[in-house]
Amino acid sequence: MSDNNSLLANKVAIITGASRGIGRAIALELGRMGAYVIANYNSSYEAAQEVLEELKTTNAAGAEIIKADVGKSDEAQNLVNEVLNKHQRVDILINNAGIQKAVLVHKMTDADWHDVINTNLSSVFYMCRAVLPSMIAAKKGHIVNIGSASGFMGHKGAASYVSSKHALTGLTRVLAMETGDKGIQVNTVAPGVTETDMIASLTDVARERLLAGIAMKRVASPQEVADMVIFVLTKATYSTGNTFHISGGLIMQ
Ligand code: NAP
């Protein structure tokens with residue numbers, strides 16, 4: 001058992017949006033590290049079942065999948081209540097669930113705007129509000145919000161997404177200010193372009209254009225992002241309110 005492994009063994013960890021992509025990779029890595037993994041999903045039941053089966057082959061102290069649309073206040077609260085009723089604590093919360101809708105502002109509907117803001121931003125507020133009383137009582141806890149390079153730049157056709165990720169940086173900082181003296185750390189991991197379903201519809205031309213801005217001239221794998229999350233959870237013991245970039249040089253700060 002590695003040092004990292006013992007640090008995360010038996011920790012109760014909720015990962016939102018863990019059925020696919022980056023959330024799935026984080027859930028599996030936490031499982032390999034010995035955590036008790038609660039993998040949230042919304043619409044992809046079969047994919048979530050596959051994650052559960054794979055988790056059972058890891059060192060996970062245990063694993064469950066729980067359906068909830070975390071962009072809805074009551075569903076996020078019910079998800080946390082279910083975990084607290086069963087485990088009496090949440091040690092780690094990874095706010096990962098996210099969607100993107102590519103629409104120019106002058107063509108964007110209210111739904112295009114609100115769906116993205118609710119899923120990417122309001123969900124983080126709902127989930128943090130739900131877990132914080134128990135973390136404060138326990139005087140410990142670790143929250144990692146999955147931001148984006150889009151929280152540090154603008155790009156066409158992504159008003160709701162870019163706005164949600166910029167706001168997430170601010171929310172992380174406020175959460176850190178409110179909980180830093182209570183044994184709780186709140187940080188953002190901000191991936192650049194990562195090989196998941198979210199970028200699957202990019203044309204070759206759009207992909208080339210994206211790569212042009214990336215110093216390392218390649219996209220990230222979900223595993224690389226998961227590894228950064230594990231780093232933050234296990235090694236970044238004196239960091240809160242910070243952003244950990246993992247963008248191959250797309251964002252340099
Ligand atoms: P993805 O492959 O499309 O997966 C999205 C995940 O979010 C799925 O598991 C999905 O679950 C879940 N989800 C969506 N809406 C949800 C809701 N309302 N409630 C609960 N879960 C919900 O996307 P990804 O690329 O892994 O993105 C994960 C995070 O990384 C997002 O926050 C995204 O903004 C961020 N990110 C991604 C990239 C990239 O290039 N891929 C870059 C920077 C940041 P269901 O299918 O079960 O609904």
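Counting convention: from 1, in listed order, for ligands and their atoms alike.
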Problem set entry | Considering all heavy atoms, the nearest Gly23-Ile15 contact | O-CG2, 3.7 Å

Problem set entry | Nearest neighbour in protein (non-hydrogen) for atom 46 (O) of ligand 1 | Ser44 OG, 2.5 Å

For this session: With heavy atoms only and a cut-off of under 4.0 Å, state how Asn120 meets ligand 1: side chain, backbone, both or neither.
Result: neither

Exercise. What pair of heavy atoms forms the shortest contact from Ala111 to Lys101, and how long is it?
Worked result: O-NZ, 4.3 Å

Exercise. Among the heavy atoms of Lys72, does any lie under 4.0 Å from an atom of ligand 1?
Worked result: no

Seminar exercise, completed: Contact region, Thr194 to ligand 1, non-hydrogen atoms below 4.0 Å, reads both

Exercise. Would you say Gly192 touches ligand 1, if touching means a heavy atom closer than 4.0 Å?
Worked result: yes

Seminar exercise, completed: ligand 1 atoms nearer than 4.0 angstrom to some heavy atom of Ile146 are 29 (C), 30 (O), 32 (O), 35 (C)

Exercise. Polar-atom distance check: Val70 versus ligand 1, any N or O pair below 3.5 Å?
Worked result: yes

Problem set entry | For Val193, atoms of ligand 1 separated by under 4.0 Å from a heavy atom | 40 (O)

Exercise. Going by the atom numbers of ligand 1, which of them fall below 4.0 Å from some non-hydrogen atom of Tyr41?
Worked result: 47 (O)

Problem set entry | Protein heavy-atom partner closest to atom 24 (P) of ligand 1 - residue, atom, separation in Å | Thr196 OG1, 3.5 Å

Exercise. Looking only at N/O atoms, are Ser19 and ligand 1 under 3.5 Å apart anywhere?
Worked result: yes

Problem set entry | Taking every non-hydrogen atom, the tightest pair across Gln77 and Ala130 | OE1-CB, 3.6 Å

Problem set entry | Partner of Asn145 by side chain to side chain donor-acceptor pair (under 3.5 Å), out of Thr172, Asn96, Thr16 | Thr172

Problem set entry | Contact check, Ile199 vs ligand 1, heavy-atom distance below 4.0 Å | yes

Exercise. Would you find more than 12 non-hydrogen atoms of other residues, nucleotides or ligands less than 6.0 Å from Asp110 atom CG?
Worked result: no

Exercise. According to a 4.5 Å side-chain heavy-atom criterion applied to Ile, Leu, Val, Met, Phe, Trp and Tyr, with indirect links allowed, do Met108 and Ile99 form part of one hydrophobic cluster?
Worked result: no

For this session: Output the list of atoms in ligand 1 that are nearer than 4.0 Å to some heavy atom of Gly98, sorted by atom number.
Result: 5 (C), 7 (O), 14 (C), 31 (C), 32 (O)

For this session: I would like to know whether Val70 and Asn95 meet side-chain contact (heavy atoms from CB on, under 4.5 Å); could you show each step before the answer?
Result: CA-CA 9 Å; Val70 291; Asn95 287 305; over 6 Å; no

Seminar exercise, completed: Ile22 heavy atoms within 4.0 Å reach ligand 1 at atoms 26 (O), 30 (O), 37 (C)

For this session: Select one of side chain, backbone, both or neither to describe which atoms of Ala68 lie under 4.0 Å from any atom of ligand 1, heavy atoms only.
Result: backbone

Exercise. Among the clusters formed by ILVMFWY side chains lying less than 4.5 Å apart, do Leu175 and Ile92 turn up in the same one?
Worked result: no

Problem set entry | Closest approach of Asn10 to Arg89 (non-hydrogen atoms, all atoms of both residues) | O-NH2, 2.8 Å

For this session: Identify, for atom 28 (C) of ligand 1, the protein heavy atom at the shortest distance, and state residue, atom and that distance.
Result: Asn96 OD1, 3.2 Å

Exercise. Taking only heavy atoms of Asp197, which atoms of ligand 1 are found under 4.0 Å from at least one of them?
Worked result: 2 (O)

Exercise. Is there a heavy atom in Ala220 that sits closer than 4.0 Å to ligand 1?
Worked result: no

Exercise. Would one find more than 12 heavy atoms of other residues, nucleotides or ligands at under 6.0 Å from atom NZ of Lys217?
Worked result: yes

Seminar exercise, completed: So for Ile99 against ligand 1, with non-hydrogen atoms under 4.0 Å, the contacting part is side chain

Exercise. Quick one: which ligand 1 atoms are inside 4.0 Å of a heavy atom on Gly147?
Worked result: 35 (C), 44 (C)

For this session: Pick one of side chain, backbone, both or neither for how Lys165 approaches ligand 1, counting any non-hydrogen atom pair under 4.0 Å.
Result: side chain

Exercise. Are Val90 and Val124 joined in one hydrophobic group, where the rule is that I, L, V, M, F, W and Y side chains link up if heavy atoms are under 4.5 Å apart?
Worked result: yes

Exercise. Between the candidates Asn145, Thr119, Ile66, which shows the shortest non-hydrogen contact distance to atom 16 (C) of ligand 1?
Worked result: Thr119

Exercise. Looking only at N/O atoms, are Asp69 and ligand 1 under 3.5 Å apart anywhere?
Worked result: yes

For this session: Can you sort out which atoms of ligand 1 are near Gly21, meaning under 4.0 Å from one of its heavy atoms?
Result: 2 (O), 26 (O)

For this session: Note the single closest protein heavy atom to atom 3 (O) of ligand 1, along with its residue, its atom name and the distance in Å.
Result: Arg20 NH1, 3.3 Å

Exercise. At a non-hydrogen distance cut-off of under 4.0 Å, which region of Tyr45 contacts ligand 1 (side chain, backbone, both, or neither)?
Worked result: neither

Exercise. Are Glu195 and Arg207 close enough for a salt bridge, meaning some N to O gap below 4.0 Å?
Worked result: yes

For this session: Please indicate whether Lys72 has more than 12 foreign heavy atoms, meaning atoms of other residues, nucleotides or ligands, lying under 6.0 Å from its NZ.
Result: no

Exercise. Are Val83 and Leu132 in one and the same hydrophobic cluster, where Ile, Leu, Val, Met, Phe, Trp and Tyr link if side-chain heavy atoms are under 4.5 Å apart?
Worked result: yes

For this session: Say whether Gly17, considering both its backbone and side-chain N or O atoms, lies within less than 3.5 Å of an N or O atom on ligand 1.
Result: yes

Problem set entry | Heavy-atom proximity to atom 20 (C) of ligand 1, best of Leu202, Ile26, Asn40, Thr16 | Asn40

Exercise. Do Glu29 and Met33 pass the side-chain contact (heavy atoms from CB on, under 4.5 Å) test, and can you show the C-alpha distance, the side-chain angles, and the key distance before you say yes or no?
Worked result: CA-CA 6 Å; Glu29 197 54 38; Met33 295 295 198; 4.0 Å; yes

